[in-house]
Amino acid sequence: MRFLFCLCVAFGLKVGFAQNKQVLYGLEEVPQSLLLNPGVKVPQKMHFGIPFLSHIHLNAGASGISTYDIFGNTGEDINDKIERKIFEMKPTDFFTATQQWELLNFGWRSKRDVYFSGGVYQEFDFISYFPKDLAILAWEGNANYLGYEFDLGELSTRGDLLTVYHFGANKQLTNKLTLGIRAKVYSSILSVSSTHNQGTFVTTEGGDNGNNIYQHTIRNADVMVQTSGIVSLEDNFSAGELIGRSMLGGNLGIGLDIGATYDINSRWTATASVLDVGTIFHANSVESYHAYGDYTLEGIELIFPPLNEGQGTLPYYDNLEEELEQEIPIDTLNSSYSEMRPVKMNASLQYRFGKRSGGGQECDCRNKGGAVEREQVVGLQYFSVFRPKGPQMAGTLFYQRRLFRFLSAKATYTIDSYSSSNIGLGVVGDLGKFNFYVAADNIQRYGNLAKAKSVSLQLGFNIKFHEN
Amino acid sequence: MKKNLLVPILGVLLCLWMASCVKDTDFDQAENITLTPVVELDLIYFDLEAADFYNDETNTPRLTVSDTTEIRFLDDTEIQESLKKAEFLFVFTNSIPRSFQADFQFLDVANETTYATSTTVAEGSPENAVLSEFTETVEGNDILALTQADKVVVSLTLPSSDANLEGSLNLKSKTTYYLEIKERN
């Protein structure tokens, strides 16, 4: 129960770098590192993930706010805390949650020394920016904001539930260079997005030329909410329907991952990858709502028509509603639309030192210029993900060490939108053919998750077969 | 030997995760979250000519003119629960050389009066329009009566009128709504 509660809290109110897996990136002992860089060096001959347990990833976070900020037991009135946060936070602050669950993962080295890998995973990804102006309007009303233009464009949110089928190839082309590529087919189960909105709402004093004391004006409104997979579910909600969509029965899309590893010399290595360069084409069960236009409200004008006894007056209120619907219509659209996946980029530069480890090659004569595995690695990593309001970036400093022949650990220090003090830790073990890993960030916050702005956890189990 | 290590390592990690929890927090505070927006909103406006107070066809004065409009948002359940105070401001500009009695009657769906107020508009002249401001603050039990209404009847009465009466009577009005939105059991 406690575990579930923690998870719920972590999910409900935190935010972090929902897509960054800084601990797992470049950790080549973990077969799932192929999903972060298809061009990573693959040490094993073959692997398969324990079905449903090979990769579980949870992440939730919020920039600019933590659970403790609002619900902390400080004795201060909660409304004062909320008010302070509303004014402290920026419209670029956001809440995110990501969850991935791998159903299947496998890979093998072919006779031509190409490492093929594939699998299926399910992903939920959500981001919502903080619509600061609308929050102020709801919290305080417009009375103290005469003349202030509330920005409707701050409304920006996106949520996707999908299954990803992928297959990739990885090959060491030279002593120095390993390249990889992965094709993906997305099967979207549910999708909601409202990202390119604009418009303002302002209350101004009518002055001498106005008909009334104020003018309430909506200007250049253009607000769109696109949904796919939701409408048909309302009539036909069943687990079978959801499973059907996850198995290529939903709205489909295609995408690509590419990546590379380059050994500069025996101690220095650079890597880079670009993930999810792709689009989902939403055509089935699409319903979008589009409101646009300009409107100025000045209240209701009475014209005092001469009326006979018992005669009703004009339907002013109905007319007003009709006028509003005409000037700012809300169209319901069923036309298909396409949506880019959030593109992610990773890069790293690392330096190896300490005793030799790994393959245990006695001499480098057949590995001229290639990397030599050593017990310790330090390096820098860069991560970015394209979000509706531009890329979110993170920088990581890491230290990786082989503790025993069968156990490696990696520690990370990350600066991102959430905080400048995110410490992550991961371990990966190879016990015979059995491979397991667990990685988490913000571990210094695990004593009290309420104070963390983000949490992230990945774990999984695989079976690996080595060359010998 | 190796397998002996696996269990403790996983155990430690699992404990770390499970022991990790949320401390020093009180989620019951959510019940106290209260939004208190103050909303400024135009109400009604009109522009009446002196001629509107005389019936040309029958050559008789119209000493009372009135009109009604629905204001359906007022008796919404949410407004009924959340409205704490309403301040009406009526600004009359009168250039008709008569004073007026202005009545505002709030009616419910069955056309029963739930709340009423009135004011006097000072006499003006065609050369010199006179401003009369009237504010009405509704709070406490009166709010209950006000928020039963979904329409307002505006009636204007003048003591006398004739075909030569000149000038105009203009009204601008707004309401300031003081809301208190919270979870109600």
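Reckoned from all heavy atoms, side chains included, excluding hydrogens, waters and symmetry mates. All of these numbers come straight from a predicted model, not from anything done at the bench. Chain identifiers are assigned alphabetically (A, B, ...) following the order of the sequence lines, protein sequences preceding nucleic acid strands; residue numbering begins at 1 within each chain.
- With a 4.5 Å cut-off on non-hydrogen atoms, L41(B) touches chain A through its backbone and its side chain both.
- Looking at N32(B), the atoms closer than 4.5 Å to chain A (heavy atoms on both sides) sit in the backbone and in the side chain alike.
- Under 3.5 Å, the side chains of T313(A) and D67(B) contain a donor-acceptor pair of N or O atoms.
- Taking L171(B), I71(B), I181(B), D28(B) one by one and counting their heavy-atom pairs under 4.5 Å with chain A, the maximum is reached by I71(B).
- At a 4.5 Å heavy-atom cutoff, the contact between I82(A) and chain B is made by side-chain atoms alone.
- Both the backbone and the side chain of V39(B) come within contact range of chain A, judged by heavy atoms closer than 4.5 Å.
- Counted by atom type alone, Q101(B) and D103(B) present one or more donor-acceptor pairs between their side chains at under 3.5 Å.
- Contact of A138(A) with chain B is made through backbone and side chain together, with heavy-atom distances under 4.5 Å.
- When D26(B), V65(B), V38(B) are compared by the number of non-hydrogen pairs under 4.5 Å with chain A, V38(B) comes out ahead.
- Ranked by non-hydrogen atom pairs under 4.5 Å with chain B, the options E321(A), K81(A), E140(A) are led by E140(A).
- Checking side-chain atoms of E183(B) against main-chain N and O of E31(B) turns up no donor-acceptor pair under 3.5 Å.
- A 4.5 Å side-chain heavy-atom check between L156(B) and F304(A) finds at least one atom pair inside the cut-off.
- N79(A) touches chain B through its side chain: at least one heavy atom from C-beta onward sits under 4.5 Å away, while N, CA, C and O do not.
- Between chain B and the options L146(A), N73(A), L302(A), I136(A), heavy-atom pairs under 4.5 Å are most frequent for L302(A).
- Of the possible polar contacts, one joining the Y54(B) side chain to the N59(B) backbone as a donor-acceptor pair under 3.5 Å is found.
- If you measure heavy-atom distances from L43(B) to chain A, the contacts under 4.5 Å come from the backbone alone.
- Judged by distance alone, with hydrogens and angles left aside, the side-chain atoms of S456(A) form no donor-acceptor pair with the main-chain N or O of D441(A) at under 3.5 Å.
- When the candidates N142(A), L425(A), L459(A) are compared by the number of heavy-atom contacts under 4.5 Å with chain B, N142(A) comes out ahead.
- To the nearest 0.5 Å, the span separating OG1 on T157(B) from CZ on F53(B) amounts to 9.0 Å.
- Results of the side-chain hydrogen bond (donor to acceptor under 3.5 Å, both in side chains) test with N462(A) over H55(A), Q32(A), K433(A) single out Q32(A) as the only residue that passes.
- No side-chain N or O of E29(A) forms a donor-acceptor pair with one of Y437(A) less than 3.5 Å apart.
- Within the 4.5 angstrom heavy-atom criterion, atoms from both the backbone and the side chain of F73(B) approach chain A.
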